[in-house]
Amino acid sequence: MVISAEPLIYGLIFVAVLVLVNAVYLMVFGKSISLNSRVNRRLDMLEKGAGREQVLEQLRKEMSQHMNAKGIPLYSLLALKAQKANIAFSPNQLIMVMVGLMGVAYVGLTVGTEAGLPVRIAVSIAMGVGAVYVWINNTAKKRLSMIEEQLPDAVELMVRSLRVGHPFSSAIQIVAKEVPDPLGSEMGVIADESAYGRDVGEALKSLAERMDMQDLRFLAVAVTIQQTSGGNLAEILDGLAKVIRARFKLFRRVKAITAEAKWSGTFLSGFPLVALVMINVIQPNYYDDVKETAVFIPACLVVAGFLVANVFVMRALVNIKV
């Protein structure tokens with residue numbers, strides 16, 4: 001019995017393409033573009049000699065370019081995720097990266113496998129688009145998670161600044177200087193926009209809508225209400241920081257409680273597909289006796305339907321909103 005190595009080669013090529021897109025991103029924009037950079041990207045650009053207005057224009061362009069390109073065919077699937085991940089690549093550059101990754105995947109499939117030309121083309125296209133989508137999706141999730149974790153500390157820093165007599169615009173600037181990315185650059189953009197005349201509450205609301213984050217909406221509403229009705233903003237934000245931190249702790253607790261169920265659901269969803277691949281690798285003729293029968297195709301469709309339904313049901317069972 002000969003076990004084919006082609007499925008493993010497909011997997012290795014996809015992983016290589018996924019690593020390559022991240023490497024290209026860091027090479028083009030430098031280490032400061034990484035999410036865990038201790039000096040936020042806005043400050044890094046200012047330290048390199050860029051003007052404040054130029055930095056603001058560049059960051060605002062990066063924040064809005066993906067949603068402005070939703071009209072590009074198929075790009076709408078990536079636009080929302082790319083906006084949340086704040087990918088610095090322009091839409092055209094991102095499409096060029098996809099094409100380049102398709103070429104790399106095609107070369108890898110040509111060298112490492114004996115698949116036919118149509119299969120190599122189809123798989124290389126799927127790998128190029130899939131690798132970019134997986135990379136953007138993971139970056140967006142990581143970035144949103146980091147913002148959620150940084151937000152309570154940032155709000156508490158605003159509270160301390162307000163209590164010593166600073167105006168709210170100065171409190172935003174302090175957060176922009178003291179907090180690392182990703183929240184540091186976002187607050188820096190708001191500080192710069194405020195300096196050029198934009199309403200702070202409106203800027204915070206725009207950030208909350210772009211990130212689709214409930215805690216940021218709370219912050220924007222609190223600032224807007226204080227601007228229109230008055231009141232002690234420091235006390236309001238202090239209470240908001242406690243609420244955000246409590247929600248974050250509750251979310252982490254729910255995540256820990258449901259972790260076993262999520263892994264069980266992932267295993268139950270993926271095991272049938274892994275078993276199917278292994279059967280075809282180890283015993284390619286396993287289905288020869290039944291695949292010519294009239295019920296084989298309908299049975300396969302029914303099984304596929306159950307597998308898809310299983311994925312949605314498993315996700316719904318452990319998707320607890322906090």
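The first residue in the sequence is number 1, and the count goes up from there.
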Query raised in the report: Do NZ/NE/NH1/NH2 and the carboxylate oxygens of Asp212 and Arg217 come within less than 4.0 Å?
Result: yes
**Report entry** Neighbour count >12 (heavy atoms, 6.0 Å) for atom CZ, Phe296
**Finding:** yes
Query raised in the report: With a 4.5 Å heavy-atom cut-off, do Phe14 and Leu101 have their side chains touching?
Result: no
Report task. Give a yes or no on whether Glu53 atom CD has more than 12 heavy-atom contacts from other residues, nucleotides or ligands under 6.0 Å away. Result -> no
Report summary line: When every non-hydrogen atom of Val175 is compared with those of Ala154, the smallest separation belongs to CG2-O, 3.6 Å
Report task. Answer yes when Lys242 and Glu156 have at least one side-chain N-carboxylate O distance shorter than 4.0 Å, and no when they do not. Result -> no
Report task. Compute whether any side-chain donor of one residue and acceptor of the other, for Gln54 and Gln58, lie under 3.5 angstrom apart. Result -> no
Query raised in the report: What are the two closest non-hydrogen atoms of Ala220 and Gly201, and how far apart are they?
Result: CB-O, 4.3 Å
Query raised in the report: Only one of Ile87, Asn86, Leu80 clears side-chain contact (heavy atoms from CB on, under 4.5 Å) with Lys84; which?
Result: Leu80
Report summary line: Tightest non-hydrogen contact, residues Ala50 and Val55, listed as CB-CG2, 3.6 Å
Query raised in the report: Is there a side-chain contact between Asp199 and Gln227, using heavy atoms and a 4.5 Å cut-off?
Result: yes
Query raised in the report: So if you build clusters from Ile, Leu, Val, Met, Phe, Trp, Tyr with side-chain heavy-atom gaps below 4.5 Å, do Val132 and Val104 land together?
Result: yes
Query - Flag if over 12 foreign heavy atoms under 6.0 Å of CZ, Phe271 - result: no
Query - Partner of Pro182 by side-chain contact (heavy atoms from CB on, under 4.5 Å), out of Met187, Gln150, Met211 - result: Gln150
Report summary line: Distance col, row Phe89:CZ vs His66:NE2, nearest 0.5 angstrom, shows 10.0 Å
Query raised in the report: Which residue, Arg60, Arg52, Arg198, forms the side chain to side chain donor-acceptor pair (under 3.5 Å) with Asp192?
Result: Arg52
Requested in this report: For the residue pair Lys205 and Thr224, establish whether any side-chain heavy-atom pair is separated by less than 4.5 Å.
Outcome: no
Report task. Consider only side-chain N and O atoms of Arg120 and Thr110, and report whether a donor and an acceptor are under 3.5 Å apart. Result -> yes
Report task. Please examine the side chains of Met102 and Val17, heavy atoms only from C-beta on, and report whether any two atoms are closer than 4.5 Å. Result -> no
Requested in this report: Give a yes or no on whether a salt bridge exists between Arg252 and Glu149, defined as a side-chain N under 4.0 angstrom from a carboxylate O.
Outcome: yes
Report summary line: Looking only at heavy atoms, the pair that brings Ala176 and Leu43 closest together is O-CD1, 4.0 Å
Query raised in the report: Is Arg210 close to Leu207 at the side-chain level, that is, under 4.5 Å between some pair of heavy atoms?
Result: yes
